There are 2 protein chains.
Amino acid sequence: MAFSIGELSRRAGVKVPTIRYYEAAGLMPPAPRSDGGQRRYGRADAERLTFIRHARELGFEPEAIRELLDLTAHPEQSCATIDAIAARHLREVERRIASLGRLRDELARMIGECGHGRIGDCRVVETLADHAHCAGEHP
Amino acid sequence: MAFSIGELSRRAGVKVPTIRYYEAAGLMPPAPRSDGGQRRYGRADAERLTFIRHARELGFEPEAIRELLDLTAHPEQSCATIDAIAARHLREVERRIASLGRLRDELARMIGECGHGRIGDCRVVETLADHAHCAGEHP
DNA sequence: TCTACGATCTCTAGCGACTAGAGGTTCAAG
DNA sequence: CTTGAACCTCTAGTCGCTAGAGATCGTAGA
Ligand SMILES: [Zn+2]
Ligand SMILES: [Zn+2]
Ligand SMILES: [Zn+2]
Ligand SMILES: [Zn+2]
């Protein structure tokens with residue numbers, strides 16, 4: 001029935017120290033303890049930790065995951081807030097993609113313009129030395 | 001001629017504590033000092049720091065910037081190594097863009113599939129709870 | 001020349017999200 | 001009952017800065 005932190009680690013695919021960190025960070029509830037003081041877990045903990053791991057893999061911040069977990073405790077309520085959190089995260093991901101896209105273009109241009117001769121004439125060095133050689137802005 | 005760290009900060013657009021951090025990190029050379037022990041800089045330092053700032057803005061790691069700065073000290077040599085460092089960084093940026101693109105698709109699909117009803121039926125929650133609901137892999 | 005006050009100095013600590021290790025205790029198989 | 005793997009807590013380290021405390025320096029006005 002009740003299992004150890006190592007078993008939980010295997011079931012959810014999360015390292016043992018990370019589980020303890022999540023408990024200290026308030027993502028996992030304080031686990032009940034055995035007589036000797038070791039943490040004991042149940043099926044619900046494995047599900048919660050799997051949820052946390054997957055949300056982290058999808059880039060959600062711990063704070064957002066806390067909100068999501070709180071909301072799932074009330075299955076009867078509207079999921080509007082949950083969807084809004086996900087949509088907010090999606091917008092943030094899109095923003096980062098756009099930003100990295102500008103970066104990629106600038107890097108590609110800089111490399112493409114270099115004649116690959118001496119360092120003194122390298123276009124990469126010139127561009128890094130002076131933002132005026134950049135096509136657009138970057139944050 | 002020689003100017004203070006505050007003046008260097010204004011010229012290069014880098015905060016004063018960050019300049020001291022760069023010195024400790026080996027990106028900037030140890031600055032000569034005034035009689036009272038304050039750092040004094042010259043034109044070359046402002047150029048070097050501007051280079052560092054711009055390279056950081058373009059996402060280069062401090063370690064890569066150190067290599068670039070070392071190489072620019074030998075303007076007669078071939079710029080092949082410099083271009084290789086830049087190309088390596090470009091590949092890394094492209095890798096991150098691709099990874100974020102997969103993330104974006106997964107998030108958009110997850111949100112798009114939700115009927116926006118009760119939390120108990122929310123597709124976002126279902127997907128976060130079980131990676132089997134994801135279309136592809138994510139790192 | 002004295003004084004005031006902003007700028008600079010060093011040192012320490014904090015951020016976020018973990019990860020690694022030391023040194024000590026508990027659990028479970030044989 | 002013994003053994004040894006797994007567990008416990010606590011501290012410290014990662015990276016690239018950033019923010020303070022408390023002391024000292026530099027410079028301009030009176
Ligand atoms: Zn080149
Ligand atoms: Zn630029
Ligand atoms: Zn929903
Ligand atoms: Zn998934």
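Naming convention: chains lettered A, B, ... in sequence-line order (proteins, then strands); numbering from 1 in each chain. As the structure is a computational prediction, the values presented were derived from the model and not from experiment.
B:Leu8 has its CG atom 10 Å from the P atom of C:dT8, to the nearest Å. Summarising the geometry, the separation between CD on A:Glu23 and P on D:dT9 is reported as 8 Å, rounded to the nearest angstrom. For the pair A:Arg33 CZ and D:dC8 P, the computed distance is 6 Å after rounding to whole Å. Regarding B:Arg66, its CZ atom lies at a distance of 10 Å from the P atom of D:dC15, rounded to whole Å. Counting to the nearest Å, the C1' atom of C:dC15 and the CD atom of A:Glu61 are 13 Å from each other. The distance from atom CD1 of B:Ile19 to atom P of D:dT18 is 11 Å, rounded to the nearest whole Å.
At a threshold of 4.0 angstrom between heavy atoms, the contacts of B:Glu63 with the nucleic acid are absent. Heavy atoms of A:Arg20 sit under 4.0 angstrom from at least one base atom. Within 4.0 Å (heavy atoms only), A:Arg56 reaches sugar-phosphate atoms of the nucleic acid but no base atom.
Distances shown here put a side-chain N or O of B:Ser34 below 4.0 Å from the OP1 or OP2 atom of D:dG26. The phosphate of C:dC18 has OP1 or OP2 within less than 4.0 Å of a side-chain N or O from A:Tyr22. The phosphate of C:dT8 has OP1 or OP2 within less than 4.0 Å of a side-chain N or O from B:Ser4. The side chain of A:Arg53 contributes no N or O atom lying less than 4.0 Å from OP1 or OP2 of C:dC18. Between A:Lys15 and C:dT19 there is a side-chain polar atom (N or O) within less than 4.0 angstrom of OP1 or OP2.
In summary, A:Glu7 and A:Arg11 engage in a salt bridge, as defined by a charged side-chain N under 4.0 Å from a carboxylate O. Salt bridge annotation for B:Glu106-B:Arg102: absent, with no cationic side-chain nitrogen under 4.0 angstrom from a carboxylate oxygen. Ion pairing between A:Arg20 and A:Glu23 fails under the 4.0 Å rule for side-chain N and carboxylate O.
For the residue pair B:Phe51 and B:Leu69, the shortest heavy atom distance occurs at CD2-CD2, 3.7 Å.
The aromatic rings of A:His131 and B:His54 lie perpendicular to each other, with more than 60° between the two planes, well past the 30° mark.
Side-chain proximity of B:Tyr21 to the nucleotides D:dC17, D:dG26, C:dA17 is greatest for D:dC17.
Of the two residues near DNA chain C, A:Pro17 and B:Tyr41, the one whose nearest nucleotide lies more 5' is B:Tyr41. Mapping A:Thr18 and B:Arg39 onto DNA chain C via the closest heavy atom, the residue that lands nearer the 5' end is B:Arg39. Taking the nucleotide of DNA chain D with the nearest heavy atom to each of B:Pro62 and B:Arg40, the more 5' of the two is matched to B:Pro62. Between A:Arg10 and B:Gln38, the residue anchored closer to the 5' end of DNA chain D is A:Arg10, taking for each the nucleotide with the nearest heavy atom.
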